[in-house]
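The next block holds one structure in the form of structure tokens; read it before the comments.
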Amino acid sequence: MTLYEKIKTLYPSLTEEDFVPTTGTIMLQNDSDGNGDYIKEWNHPTLAKPTQEQLDGVQ
Amino acid sequence: MSTVKSKKLQVGTDATATNNFTIYQPATPDGTLRIGVGNADNPTEVGQFNANGYKPATAPAFSAYPTAQQTLSSAVATVVVLDAEEFDTTSRFNNTGSTVNGIPAYSFMPNVAGYYMFSTTVSNEVSVSSSRFIVLINKNGVANRAFDYQNTGTFNAPGTILYYLNGSTDYVNLSAYVAATTAKLNSPFSQTRFQGFLIQQA
């Protein structure tokens with residue numbers, strides 16, 4: 001399951017628009033340096049940034 | 001009318017050598033006229049005139065492209081893997097997945113301060129239909145400008161931008177965001193590339 005899918009599972013109310021770079025409230029990034037996908041920015045007005053434990057717990 | 005013949009001509013007599021310039025012929029004449037900063041005994045070349053005109057000693061420019069198709073995670077802005085170079089005049093483009101000489105993976109970090117023009121096209125996979133395909137030319141890892149193409153299928157997305165870079169720590173890279181189940185970028189140079197060059201020194 002991808003990072004995007006895990007976040008969507010935790011917060012089903014999020015839409016695609018929330019993840020759009022420069023205009024969305026959340027930005028996911030991969031620097032292609034071998035470290036994988038990560039949350040670069042989380043500026044959602046009501047939903048809290050998920051912890052690593054929460055993300056790891058999503059099946 | 002008199003003729004002055006000399007291999008070197010120093011312009012300026014300031015006590016600080018870097019305030020002076022020297023116009024000179026190289027030790028082994030090669031049809032060029034060199035211009036250097038410093039006194040005549042030890043100038044540092046900044047450029048030369050040859051039969052085609054002026055050529056600066058340092059003219060950063062690069063052209064990079066991928067050699068393989070790249071799979072992306074959906075909805076993740078991913079740095080495009082540009083592992084091959086058509087040219088890189090100052091060796092300041094890092095075409096590896098690791099930081100090299102302080103330059104992040106697949107990034108350009110020039111050592112000359114000034115205004116740089118960047119252009120790109122990024123191609124997504126033919127068989128993938130995406131609802132959003134965005135190309136980002138990032139400065140220092142920040143997506144200052146997004147080229148946003150909505151409801152596209154197969155597409156070669158263009159983008160161009162002008163950035164000021166400080167010549168020491170500023171860097172630029174290319175990333176792509178695709179909202180699709182299986183997001184892929186195409187590799188041929190004719191479809192995906194990233195290029196940049198110095199327009200004017202600061």
Side-chain angles (χ1 to χ4, degrees), chain A, chain B residues 64 66 68 70-83 94-100 103-107 122 130-151 157 159 161 171 173-183 185 192 194:
Chain A
M1 187 178 279
T2 67
L3 178 59
Y4 169 73
E5 290 167 338
K6 288 182 177 180
I7 293 172
K8 285 281 286 177
T9 300
L10 286 170
Y11 298 125
S13 62
L14 289 173
T15 68
E16 183 186 300
E17 290 301 314
D18 284 306
F19 294 89
V20 172
T22 72
T23 60
T25 60
I26 299 161
M27 184 165 181
L28 307 183
Q29 180 135 332
N30 186 317
D31 294 326
S32 294
D33 58 359
N35 292 321
D37 303 339
Y38 65 96
I39 300 171
K40 183 178 178 66
E41 293 178 11
W42 188 281
N43 298 311
H44 196 280
T46 57
L47 300 176
K49 179 181 177 180
T51 63
Q52 191 59 50
E53 188 177 21
Q54 285 177 297
L55 293 170
D56 292 341
V58 177
Q59 299 298 319
Chain B
Q70 182 180 359
T71 300
L72 313 180
S73 295
S74 181
V76 176
T78 303
V79 171
V80 179
V81 173
L82 301 163
D83 56 345
N94 176 8
N95 66 341
T96 76
S98 304
T99 297
V100 176
I103 308 173
Y106 308 112
S107 300
V122 181
S130 63
S131 58
R132 209 69 177 259
F133 183 27
I134 301 173
V135 172
L136 304 143
I137 301 178
N138 312 299
K139 177 181 174 180
N140 298 332
V142 177
N144 300 62
R145 179 73 171 89
F147 304 94
D148 191 344
Y149 304 96
Q150 299 187 40
N151 302 313
I161 196 167
Y171 67 95
N173 58 23
L174 175 69
S175 60
Y177 170 102
V178 182
T181 303
T182 305
L185 303 180
T192 297
F194 186 38

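Naming convention: chains lettered A, B, ... in sequence-line order (proteins, then strands); numbering from 1 in each chain.
For the set B/I134, B/V81, B/L136, the entry with the most heavy-atom pairs within less than 4.5 Å of chain A is B/L136. In terms of heavy-atom pairs under 4.5 angstrom with chain B, the leader among A/I26, A/T2, A/D31, A/L3 is A/D31.
Checked options A/L28, A/T22, A/V20; the residue passing with B/Y177 is A/V20 (criterion: side-chain contact (heavy atoms from CB on, under 4.5 Å)).
Contact between B/A75 and A/Y4 at its shortest, heavy atoms only, is CB-CD1, 3.4 Å. The two atoms that bring B/V76 and A/N30 nearest to each other are CG1-N, 3.6 Å, heavy atoms only.
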Passes side chain to side chain contact (heavy atoms under 4.5 Å, CB included), B/V80 versus A/S32? Steps please.
CA-CA 7 Å; B/V80 179; A/S32 294; over 6 Å; no
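The distance from atom CD of A/E5 to atom OG of B/S73, rounded to the nearest 0.5 Å, is 8.5 Å.
One N or O on the side chain of A/K40 and one on the backbone of B/G141 form a donor-acceptor pair closer than 3.5 Å.
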